[in-house]
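A quick write-up on the structure given underneath.
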2 protein chains.
Amino acid sequence: MPRGEGKFLIKQRAFLKLFMIRFVEENKLYGMQAMDELKMTFKQFGYEPNHSEIYRSLHELIDDGILKRQKKLQEGAKYKEVVIYQFADYEKAKLYKKQVKTDLDRSMGLLRKALEDVY
Amino acid sequence: MPRGEGKFLIKQRAFLKLFMIRFVEENKLYGMQAMDELKMTFKQFGYEPNHSEIYRSLHELIDDGILKRQKKLQEGAKYKEVVIYQFADYEKAKLYKKQVKTDLDRSMGLLRKALEDVY
DNA sequence: CTATGAACATTCTGTTCATTG
DNA sequence: CAATGAACAGAATGTTCATAG
């Protein structure tokens, strides 16, 4: 999905999909927890993703054939279902991570160039 | 315009407005030339702004009270008008540059953090 | 044909509403 | 109330059309 021509910076969606893959690799967290952790991590940079973008990212990874859903009872005495994820195709996941890295590096380069040239 | 809460990376519009200010500082170029120069500079990063975004950036700087328009005959024997720009308020321009720098730095930090954490 | 600009269309993302347990 | 998801709404940006010289 990191696309071809004329594009500016990496999109939020790809950024979040990357972290969703990472959370699944670490075998932890469902949607809301992922959001909370990301908010904590990136709040210092003024970025706090909202729940819709988190879910859209997860759903898109399913459509991509990278993740699959699995329901699970939540910890504790609450008996409330949450949705957790596993890899449907880990090779695809690794490939996607590689593509996003390329896009992140590209975006960094672009910003760095701007800072160098203007300031 | 670099805004407050929950936001992801800097927007293309702000990025281009920064360069439009820089071009006016250097006293050169009208819209199309600015676009061509930016395409040359950032093509290596896969970014080639289109003409609409260039004009929207210039127009917005006028609305902001930072630039003002001035028509001018094009060089050479072509007698075709082009639109060039001067500062309407250079203090405002400098302030805007400062704000965009903050936003660029913030965006770089965000991307760097992601690269560190994931790869 | 080149430069400018507006109109139109789509994509991306934020906000609100609905459902379930 | 917490989690998930869909619907709706707006903002950001790309594509196409219009006008002038």
Side-chain angles (χ1 to χ4, degrees), chain A residues 1-17 20 23 28-39 42 46-63 67 69-85 103 107, chain B residues 1-17 20 23 28-39 42 46-63 67 69-85 103 107:
Chain A
M1 173 137 293
R3 277 246 6 297
E5 280 327 306
K7 72 172 301 207
F8 188 50
L9 301 174
I10 189 173
K11 292 286 188 293
Q12 180 181 195
R13 181 74 48 83
F15 184 93
L16 288 179
K17 284 167 76 174
M20 294 306 120
F23 287 139
K28 60 179 188 183
L29 305 183
Y30 52 94
M32 280 303 93
Q33 285 179 319
M35 181 180 77
D36 292 341
E37 177 156 335
L38 287 174
K39 282 190 179 183
F42 289 104
Y47 173 50
E48 299 185 69
N50 63 39
H51 84 279
S52 283
E53 266 298 299
I54 299 288
Y55 288 124
R56 280 191 286 246
S57 301
L58 287 165
H59 299 163
E60 207 169 282
L61 284 165
I62 292 176
D63 295 341
L67 294 185
R69 291 165 43 103
Q70 181 185 340
K71 294 196 177 185
K72 189 188 181 183
L73 287 186
Q74 202 174 35
E75 305 292 305
K78 297 167 74 178
Y79 291 97
K80 156 106 175 133
E81 275 182 338
V82 295
V83 182
I84 62 165
Y85 295 86
D103 208 15
S107 298
Chain B
M1 173 140 290
R3 276 247 4 300
E5 280 328 307
K7 73 171 301 206
F8 188 50
L9 300 174
I10 188 172
K11 291 286 188 293
Q12 180 182 196
R13 180 74 47 84
F15 184 93
L16 288 178
K17 284 167 77 175
M20 294 306 119
F23 287 138
K28 60 180 189 185
L29 303 182
Y30 52 95
M32 281 301 95
Q33 285 179 319
M35 181 180 77
D36 292 341
E37 178 157 334
L38 287 174
K39 282 190 178 181
F42 290 104
Y47 173 50
E48 298 185 69
N50 62 38
H51 84 277
S52 283
E53 266 297 300
I54 299 288
Y55 288 125
R56 279 191 285 247
S57 300
L58 287 165
H59 299 163
E60 207 168 283
L61 284 165
I62 292 176
D63 295 341
L67 294 184
R69 291 166 43 104
Q70 180 183 340
K71 294 195 178 186
K72 189 188 180 183
L73 288 185
Q74 204 175 32
E75 304 292 304
K78 297 166 74 176
Y79 291 97
K80 157 107 177 130
E81 276 181 337
V82 295
V83 180
I84 61 165
Y85 295 86
D103 208 15
S107 299

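Just so you know, these numbers come straight off a predicted model, no measurement behind them. Per chain, numbering begins at 1; letters A, B, ... match sequence-line order.
Regarding L61(A), its CG atom lies at a distance of 13 Å from the P atom of dG5(D), rounded to whole Å. Atom-to-atom, CG of D103(B) to P of dA12(D) comes out at 12 Å; the value is rounded to the nearest Å. We find that CZ of R13(A) is positioned 17 Å from P of dA12(D), with the value rounded to whole Å. For the pair L58(A) CG and dG5(D) C1', the interatomic distance rounds to 11 Å; values are reported in whole Å. Counting to the nearest Å, the C1' atom of dA7(C) and the NE2 atom of H59(B) are 14 Å from each other. In this structure, CD1 of I84(B) is placed 17 Å from C1' of dT2(C), rounded to the nearest angstrom. What separates CD1 of I54(B) from P of dT13(D) is a distance of 12 Å, to the nearest Å. Atom NZ in K17(B) sits about 11 Å away from atom P in dT13(D), given to the nearest Å.
With sequence neighbours left out, D36(B) forms a side chain to side chain contact (heavy atoms under 4.5 Å, CB included) with no residue at all. For the side chain to side chain contact (heavy atoms under 4.5 Å, CB included) test, residues two or more places apart in sequence or in another chain that qualify with Q33(A) are L29(A), Y30(A).
Among the atoms of the strands shown, none is found under 4.0 Å from any heavy atom of F15(B).
The side chain of Y55(A) places an N or O atom within less than 4.0 Å of a non-bridging phosphate oxygen (OP1 or OP2) of dT4(D).
Counting all heavy atoms, side chain and backbone alike, K39(A) lies closest to P49(A) at CE-O, 2.9 Å. Between Y47(A) and Q12(A), the closest heavy-atom pair is OH-OE1, 2.8 Å.
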Is there any protein nitrogen or oxygen under 3.5 Å from a nitrogen or oxygen in nucleotides 14-17 of chain D, and what are the pairs?
from	atom 1	to	atom 2	distance (Å)
dG14(D)	OP2	Q12(B)	NE2	3.3
dG14(D)	OP2	N50(B)	ND2	3.4
dG14(D)	N7	R56(B)	NH2	2.8
dG14(D)	O6	R56(B)	NH1	2.9
dT15(D)	O4	S52(B)	OG	2.6

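Candidate nucleotides dA6(C), dC12(C), dG5(D) were compared by shortest atom distance to the side chain of K11(A), and dC12(C) ranks first. Residue V82(B) places its side chain closer to dT4(C) than to any other of dT4(C), dG5(C), dA12(D).
Side-chain contact between V83(B) and L58(B) is absent, with no heavy-atom pair separated by less than 4.5 Å. Between F23(A) and E37(A), some side-chain heavy-atom pair lies under the 4.5 Å cut-off.
Using cut-offs of 30° and 60° for the angle between ring planes, the H59(B) and Y55(B) rings count as parallel.
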